[in-house]
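Input: a single structure, listed below in structure tokens.
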Amino acid sequence: IFIDVHYLPLYYKRYIDDGGSLAEDKDSALALMNSIAAMDEDGKIEWEVDFPEDDTSYIPFLNTEINVRPDGTISSRLYRKPTKMWITLHDKSHHPDWVKINTFRNSYREARKIASGPEELVYSLAIVDTLYKKNGFSNPRQYDTHPSTRQIPKPTPAPVVLTLDFLSQNLVYKIRNEVKRL
């Protein structure tokens, strides 16, 4: 496999069929994507490259929108794809109330976790409020149980020595068998 090292991304993460990376400019991003796509013998790899139009543009990745400012700081806020923007559990559904309440709580918790600052938090919470109001709920925010006084410290992650994006099923079986043997 040959990848031109001039186009290696500064950062790359993948989740199932979505990938996210940082590149110096749009041409470098496109060159990297074309280099990877050229390796696909079946020609089935399709890329959609989102690149910010200006310093205020956000780029979607999974359920998050990310903005990299000129000074290098990153801001993030909640994102929902336009095709499912307002689709969720409806007030008239036959789910028990506890399911609906936990759905609200988890949505608000997710919005708070993703938002990187006060402006992003207001934006993210507004999406959740509108989502549930459009689905028949009059006051979903009453179930937002944000612990305003309690801060839970995040554990310091162990340093990553090696990240392998793809392991074949055969290799996974070998690793699993080796671990069981120990």
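If you run side chain to side chain contact (heavy atoms under 4.5 Å, CB included) between L78 and each of I114, L125, L131, only I114 comes through.
To the nearest 0.5 angstrom, S76 atom OG is 10.0 Å from N67 atom CG. For the atom pair CD of E65 and OG of S57, the computed distance is 10.0 Å after rounding to the nearest 0.5 Å. Taking OH of Y79 as the reference point, atom CG of L62 lies at 10.5 Å (rounded to 0.5 Å). To the nearest 0.5 angstrom, I59 atom CD1 is 13.0 Å from T64 atom OG1.
A side-chain N or O of Y58 and one of S75 form a donor-acceptor pair less than 3.5 Å apart. Looking only at atom types and distance, the side chain of T103 has no donor-acceptor partner in the side chain of Y132 under 3.5 Å away.
Panel note: side chain S93, backbone L89; no donor-acceptor pair is recorded below 3.5 Å. Under the 3.5 Å distance criterion, the side-chain polar atoms of K134 are left unmatched by any main-chain donor or acceptor of I87. At distances below 3.5 Å, at least one donor-acceptor pair connects side-chain atoms of R80 with backbone N or O atoms of M85. Judged by distance alone, the side chain of K133 and the main-chain N or O of N139 form no donor-acceptor pair under 3.5 Å. A donor-acceptor pair is defined here as one N or O able to donate and one able to accept, closer than 3.5 Å; no such pair exists between the side chain of T130 and the backbone of I127.
The cluster map of Ile, Leu, Val, Met, Phe, Trp and Tyr, joined by side-chain heavy atoms under 4.5 Å apart, puts V99 and V128 in different clusters.
The shortest side-chain heavy-atom distance between I74 and I66 falls under the 4.5 Å cut-off. Taking 4.5 Å as the limit, some side-chain heavy atom of F137 sits within range of a side-chain heavy atom of K100. Counting only heavy atoms from C-beta outward, the side chains of E110 and N63 approach each other to under 4.5 Å. Considering only heavy atoms from C-beta on, R112 comes within 4.5 Å of L121 through its side chain.
Within a 6.0 Å radius of CD in Q142, other residues, nucleotides and ligands contribute more than 12 heavy atoms.
The minimum heavy-atom distance linking H90 with G136 is given by the pair NE2-N, 4.2 Å.
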**Item:** Derivation of the side-chain contact (heavy atoms from CB on, under 4.5 Å) call for D129 and R141
**Value:** CA-CA 7 Å; D129 288 341; R141 186 69 75 95; 2.5 Å; yes
